[in-house]
Amino acid sequence: MGVQDGILGTGDAQAGEGVSRKRTWLKRRERWLVVLGVALHAVYMLSIFDIYFKTPIVHGMDRVAPRFSAPAKRLVLLVADGLRADKFYEPDSEGHFRAPFLRSIIKERGRWGVSHARPPTESRPGHVAIIAGFYEDPSAVTKGWKANPVEFDSVFNRSKHTYAFGSPDIVPIFCGALPHSTWNSYPHEFEDFATDASFLDEWSFDQFQNLLDRSFTDEDLREALQQDNLVVFLHLLGCDSNGHAHRPFSSIYLNNVKVVDHIAKRVFDLVEGYYKDNRTAYVFTADHGMSDKGSHGDGHPSNTDTPLVVWGAGVKYPKSASVSDHSDHGRFVDEHMHDTPTPTAWGLSGIERVDVNQADIAPLMSTLIGLPCPMNSVGNLPLGYIDMNEAEEVEAVLSNTKQILNQFLRKSHIKQSNTLFFKPFKPLEHYMSVVDQIEELISIGDYKAALKRSEDLRSLALEGLHYFQTYDWLMLMAVITSGYIGWMLYLVLHVLQSYTSLPGVLFRKERAVQQKKGTRKILVCGSAAMGLVSMILFWEQSPPLYHAYIAMTIFLWTRIIGEHQFLKALWRYLRGEKLNYVLKLLATLAVSVMIAEFLVNSFTERKLYTWCFLFAGVTAFCYLFYLTPWRSQIPAFVCLACWFLSGFTLMPAEIPDNNPLVISSGVMITVIGVAARWLDKHAEGSKYWSSICSRDMKKSKFSVLFLLQVLLVGLSSMMVSLSTSHRMQNQELHILHQFLNWLIAGSSMILPLFSENTLLSRLTSIFLGFAPPFLLLSIGYEAVFYGALSLALMAWLLFENTLLYLSKTEKNTVSNMSMVENAVLETDDRYLRLSDVRIPLIFMVLFNVAFFGTGNFASIASFEISSVYRFITVFSPFLMAALLIFKLFIPFLLVICTFSAIAKLIRVPRSGCYFLVILFSDVMTIHFFFLVRNTGSWMEIGNSISHFGIVSAQVVFVLLLFALTDIYTKDIRTRSDRPSSRKVR
């Protein structure tokens with residue numbers, strides 16, 4: 001090989017007496033690198049929970065007692081779960097409004113607006129924001145989003161007594177461990193999506209009405225109900241259940257809005273008639289909205305915009321809308337446009353609208369009944385709702401500010417006490433002077449200035465909370481990113497030193513001793529640095545994983561610096577090369593990174609693969625057509641195979657049932673198998689096909705084996721039809737059909753082990769061997785995908801074989817090269833070259849197509865469980881999941897078998913290609929590391945975690961699949977194994 005193919009393989013490899021010793025050392029180092037890679041990715045994968053998913057909740061703050069008189073003695077909170085703002089405010093098709101009572105409140109005696117929820121727009125986070133004043137705790141991911149993992153304060157906690165009635169999924173969160181509460185919830189069985197769920201709202205109202213009725217005969221209950229600081233909470237689930245079951249445009253959902261309004265009227269009449277003191281405040285809102293599809297969770301306005309109506313004691317009366325209405329654009333948490341006018345259809349354009357963040361409702365309720373704000377609240381008190389004089393308004397805002405400031409001070413104290421080099425939040429270094437200034441302004445009656453200073457201080461305190469919530473982010477992200485980069489550089493060094501001829505080119509023997517001495521010094525310095533950092537982390541009481549992150553990173557960079565002699569020599573070598581070669585190297589790096597970034601984007605946009613394979617087909621056709629001097633159908637075949645595969649990523653991830661298509665796919669698979677067999681049989685004598693085709697087709701046992709495999713594919717197609725039709729007619733799986741399906745699937749996967757060991761014969765046998773179980777697990781177009789992927793893999797094989805044949809022809813006409821160059825790694829392996837980078841890159845593209853060709857592997861829910869019904873129908877989650885996962889693995893197995901066969905064909909070290917695959921995967925891993933989200937819907941958060949986890953796990957996943965497929969590919973033989981063919985470019 002000449003200089004033109006560059007850095008990964010030049011000619012002067014020197015074989016010495018220690019070749020066997022070098023192989024042993026190489027195997028040991030490969031095992032060590034795999035163990036290191038698994039440990040590193042496992043540790044770094046956990047880092048996202050220390051960075052993105054730490055709880056913002058702190059304890060140990062003092063409550064801030066309000067210094068104003070309570071406007072109301074009690075509060076009634078009505079939460080209509082799943083009620084959209086537009087469906088609440090807009091009229092129906094006949095022009096009648098669905099909530100006449102609450103509209104009369106808006107126009108005559110209360111304030112209104114839109115409460116903006118922050119994703120995830122789910123019931124628990126929404127109620128926590130309303131009642132406790134903070135948004136979803138990111139650490140809830142550790143509880144599977146089912147519960148708040150950390151205890152928190154709430155309006156209910158601060159009340160004298162709380163009465164709550166509603167859903168068993170919501171009420172116990174706040175009242176289950178609250179001693180001063182009386183609550184009840186209906187059984188889970190009541191939540192039946194097949195019925196009109198508005199009766200659940202009536203149940204909650206009936207419970208409250210019964211409570212008041214009992215008080216006339218229960219003196220203790222009556223006395224408790226007369227207390228100040230009382231809270232009544234009615235959770236109305238009907239809109240949510242009906243929205244899920246019937247969609248928010250259905251008559252059942254829209255009628256439920258009327259039911260909720262009627263309940264609000266009856267609650268108001270009941271309470272006012274019971275107390276007769278006009279000292280009750282009322283808050284009506286919703287925890288989230290509902291999308292047109294009957295779901296919620298994301299940040300769409302239909303999910304984040306919820307109604308808010310407040311009236312009663314301490315609440316301002318309606319006010320005419322001014323030009324400055326909606327002037328606070330940009331401060332809302334749902335990140336939508338909020339300076340647009342109120343929709344004309346709502347009929348409320350003339351009345352001032354006061355929008356709030358959902359967490360602002362908690363300090364609003366606390367202020368109305370004179371309670372301290374919940375200690376974990378981050379809500380801003382909305383003064384547009386509260387009817388107070390200037391002095392009381394300032395005191396209320398100052399109380400809200402001090403409560404948020406206390407959280408900031410607590411977080412600052414915790415971080416300062418455990419940090420050696422503490423960096424305070426500079427804007428609040430002199431917070432006490434600001435508080436003193438506010439107190440002084442209040443004392444002299446300058447309430448306007450005091451209010452402005454209080455609001456500014458509150459904003460700074462919220463910024464400070466975010467500052468300490470993300471205090472370690474920069475350090476941790478820098479350490480993890482440095483670790484990944486160090487790992488990738490270490491892999492590059494390993495590949496260059498172990499699978500290329502560069503070490504022989506760059507070094508002489510006498511430098512080895514000097515390099516070892518320098519390496520020892522560097523290792524000592526690295527160990528000292530690791531010990532020093534560990535001592536600092538120990539003193540700061542950092543989590544144990546912090547030690548692991550930094551130790552791993554220091555270790556990797558110590559190893560890299562230990563190779564400084566090699567790096568210096570490599571730099572001198574590059575400087576001595578021609579500009580043309582350097583440009584070629586940079587272009588290869590650029591293309592590699594572009595492909596890795598393409599794969600990153602493909603995780604969220606499957607359709608990119610369509611354009612990828614359309615482009616690849618045209619490019620491969622032009623390239624092969626230009627290179628091949630003889631007439632050949634190979635360029636056309638490669639192009640058509642790529643185009644055929646390109647269509648599948650345009651199809652829906654939810655695979656529709658189509659049994660005739662599955663059966664037809666069996667015919668297609670048989671045709672592909674027969675065509676490959678015919679090619680294998682009739683290619684004898686052709687130099688081009690000699691590397692991959694059989695040289696002895698006279699062995700009858702192999703012909704019988706092939707016919708048996710074709711028969712099993714046909715039987716599996718027949719069983720698809722028989723099993724499905726019988727199950728559909730009799731609602732059960734026939735025991736004989738079940739036995740035959742298991743027998744066909746199991747036996748077919750064993751047969752490839754006995755097939756001929758020439759390359760095309762073995763790959764054809766593997767293709768036919770895994771076809772029956774895949775067909776039996778298929779329900780639709782994914783069965784066709786199996787054949788299309790196999791054709792694309794065949795196209796890749798023919799592409800590589802063409803390049804190999806052309807390289808032999810070219811080199812035979814130029815000169816003979818040293819055989820030592822090609823055989824020092826293993827018996828049949830040559831050194832890697834720069835052009836070999838295409839092998840792991842093509843592998844990664846095809847491997848990811850196997851991920852996303854028929855769905856989204858990141859979520860097992862994307863695949864139909866009906867796929868397993870030909871093997872089992874009785875619910876067995878573990879067996880069903882195992883069958884589904886096995887089905888998903890079959891395309892991966894085909895890709896890796898082809899990859900292994902190509903490695904044998906062109907005699908590149910498979911281990912070297914594996915490490916290059918991991919190298920390029922980690923380019924994707926770093927990108928996904930920065931794409932992890934801790935806000936948004938649970939699905940968005942979960943997908944960001946799963947994408948990062950999937951790519952991180954490839955170091956193990958690919959290795960395990962390599963080990964598994966090695967059973968089928970280890971004894972493959974090619975004509976390029978012969979010594980005469982060891983002349984390569």
Side-chain angles (χ1 to χ4, degrees), residues 16 18 21-47 420-421 475-500 502-540 542-574 911-912 914-916 918-919 922 925-926 955:
R21 192 182 311 160
K22 180 180 178 181
R23 290 176 187 160
T24 304
W25 168 85
L26 181 59
K27 290 295 182 185
R28 189 183 303 118
R29 189 173 184 187
E30 287 173 350
R31 284 193 290 268
W32 152 246
L33 263 180
V34 169
V35 172
L36 177 62
V38 171
L40 178 138
H41 286 82
V43 170
Y44 283 179
M45 204 186 309
L46 296 175
S47 68
L420 185 59
F421 305 105
M475 181 272 290
L476 288 175
M477 285 183 164
V479 168
I480 300 302
T481 304
S482 299
Y484 276 122
I485 293 173
W487 163 250
M488 288 170 9
L489 288 176
Y490 195 46
L491 283 181
V492 170
L493 290 175
H494 170 71
V495 171
L496 292 178
Q497 293 174 335
S498 304
Y499 308 108
T500 74
L502 266 177
V505 175
L506 300 181
F507 290 114
R508 297 177 181 175
K509 290 182 178 180
E510 57 267 17
R511 294 187 183 178
V513 177
Q514 182 182 353
Q515 187 175 359
K516 286 183 179 179
K517 290 181 179 179
T519 302
R520 289 195 193 100
K521 292 180 182 178
I522 293 169
L523 289 176
V524 170
C525 293
S527 300
M530 196 181 300
L532 178 62
V533 173
S534 294
M535 288 176 62
I536 294 173
L537 292 175
F538 182 78
W539 186 88
E540 291 183 344
S542 298
L545 281 174
Y546 280 32
H547 295 258
Y549 304 147
I550 295 178
M552 195 79 74
T553 300
I554 292 176
F555 171 79
L556 285 168
W557 282 99
T558 301
R559 302 286 294 190
I560 292 168
I561 296 172
E563 300 290 344
H564 64 282
Q565 295 286 357
F566 181 83
L567 292 170
K568 288 179 181 177
L570 180 61
W571 175 248
R572 287 194 298 269
Y573 176 82
L574 290 174
S911 298
Y914 164 75
F915 287 120
L916 288 176
I918 301 306
L919 171 66
D922 282 332
T925 303
I926 292 178
V955 65

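- Looking only at distances, no side-chain donor or acceptor of W32 sits under 3.5 Å from a matching main-chain atom of K27.
- Within the 4.5 Å cutoff, the side chain of E30 has no heavy atoms near those of the V34 side chain.
- More than 12 heavy atoms of other residues, nucleotides or ligands sit less than 6.0 Å from atom CE of M475.
- For the residue pair S534/Y546, the side-chain donor-acceptor check at 3.5 Å is not satisfied.
- Taking CZ of F915 as the reference point, atom OH of Y499 lies at 5.0 Å (rounded to 0.5 Å).
- Within the 4.5 Å cutoff, the side chain of M535 has no heavy atoms near those of the E540 side chain.
- H41 has its side chain within reach of Y484: a pair of non-hydrogen atoms, C-beta onward, lies under 4.5 Å apart.
- I560 and G486 get closest at one heavy-atom pair: CD1-O, 3.1 Å.
- In terms of heavy-atom proximity, L537 sits nearest to H547 at CB-CE1, 3.5 Å.
- The side chain to side chain donor-acceptor pair (under 3.5 Å) test with Y44 singles out one residue from T553, D922, T481, T925, and that residue is T553.
- The CG atom of L26 sits 7.0 Å away from atom OG of S911, with the distance rounded to the nearest 0.5 Å.
- Looking only at side-chain heavy atoms (C-beta outward), L523 and F555 stay at 4.5 Å or farther from each other.
- For Y914, there are no side-chain hydrogen bond (donor to acceptor under 3.5 Å, both in side chains) partners two or more places apart in sequence or in a different chain.
- Nearest heavy atom pair, residue R29 against residue S498, reads NH1-OG, 3.9 Å.
- Contact detail for L40 and G483: the closest heavy-atom pair is CD1-O, 4.4 Å.
- Across all their heavy atoms, V533 and I554 have their closest contact at CG2-CD1, 4.0 Å.
- Of all heavy-atom pairs between G562 and I522, the closest is CA-CD1, 3.7 Å.
- Counting only heavy atoms from C-beta outward, the side chains of L491 and L916 never approach each other to under 4.5 Å.
- Annotation: the span from Y573 atom OH to L502 atom CG amounts to 6.0 Å, rounded to 0.5 Å.
- Atom CG in L489 sits 12.0 Å away from atom CD in E563 (nearest 0.5 Å).
- Side-chain contact between L919 and W487 is absent, with no heavy atoms from C-beta onward closer than 4.5 Å.
- When side chains are defined from C-beta on, L556 counts as touching L36, because their heavy atoms get closer than 4.5 Å.
- The main-chain N or O of Y490 is never found under 3.5 Å from a side-chain atom of H494 such that the two would form a donor-acceptor pair.
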